[in-house]
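I have placed the structure first, in the form of structure tokens, so that the comments after it can refer back to it.
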Amino acid sequence: DFLAVGLDEAADEILLAGPDTLGISFTEMSRELREAIGRADAVLTKGQANFYAFDEHRDEVPAPICSLLTTKCDIVSLQLGKEGKINVATVLSEGAQQ
């Protein structure tokens, strides 16, 4: 997706996340990604799987975490105070180190 929409031309750096899993695996992510997350000013996640992964590991991320997703089930929509399938932009964390 990244290359298809031309984000490689706007990005300072492109990193491999690690194994091909739903969402980022905090136990299997690449060393480069772990280091980049550690030095990031902000982290923007995409998708419900990454919403779950970063929500579960928010204390490991020093920067603010924002998530963009379309909910796939009412459980997540209700967690965000809505019902049904919704498009969401939300702040998961304002940063673990403030």
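Below, each value reflects all heavy atoms present in this structure, side chains not excepted, and no hydrogens, waters or symmetry copies. Bear in mind the structure is a predicted one, so any value in this text is a computation, not a measurement.
In terms of heavy-atom proximity, G23 sits nearest to A49 at N-CB, 3.4 Å. The nearest pair of heavy atoms linking A40 to A63 is O-CB, 3.2 Å. Scanning all heavy atoms of the two residues, the minimum distance from L69 to G47 falls at CB-C, 3.7 Å. Heavy-atom minimum distance, C66 versus V91: SG-CG2, 4.1 Å. Contact record, N50 with K46: ND2-O, 3.1 Å, taken as the closest heavy-atom pair. Of all the heavy atoms in Q48 and T70, the pair that sits closest is OE1-O, 3.8 Å.
Using a 30° and 60° split on the angle between ring planes, H57 and F26 fall in the parallel class, below 30°.
Under a 3.5 Å cut-off, the side chain of R58 and the backbone N or O of L92 do form a donor-acceptor pair. Between the side chain of S25 and the backbone N or O of T21, no donor-acceptor pair lies under 3.5 Å. No donor-acceptor pair closer than 3.5 Å links the side chain of D74 to the backbone N or O of E83.
Within 6.0 Å of CG in L22 there are 12 or fewer heavy atoms belonging to other residues, nucleotides or ligands. Within a 6.0 Å sphere centred on CG of D8, heavy atoms belonging to other residues, nucleotides or ligands number more than 12.
No side-chain donor-acceptor contact under 3.5 Å links T90 and S67.
Residues D55 and Q79 form a side-chain contact, since some pair of their non-hydrogen atoms from C-beta on lies under 4.5 Å apart. The shortest distance between side-chain heavy atoms of I37 and M29 falls below 4.5 Å.
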Requested in this report: Under the side chain to side chain contact (heavy atoms under 4.5 Å, CB included) rule, what do V76 and Y52 come out as? Steps first, then yes or no, please.
Outcome: CA-CA 9 Å; V76 177; Y52 279 128; 2.8 Å; yes
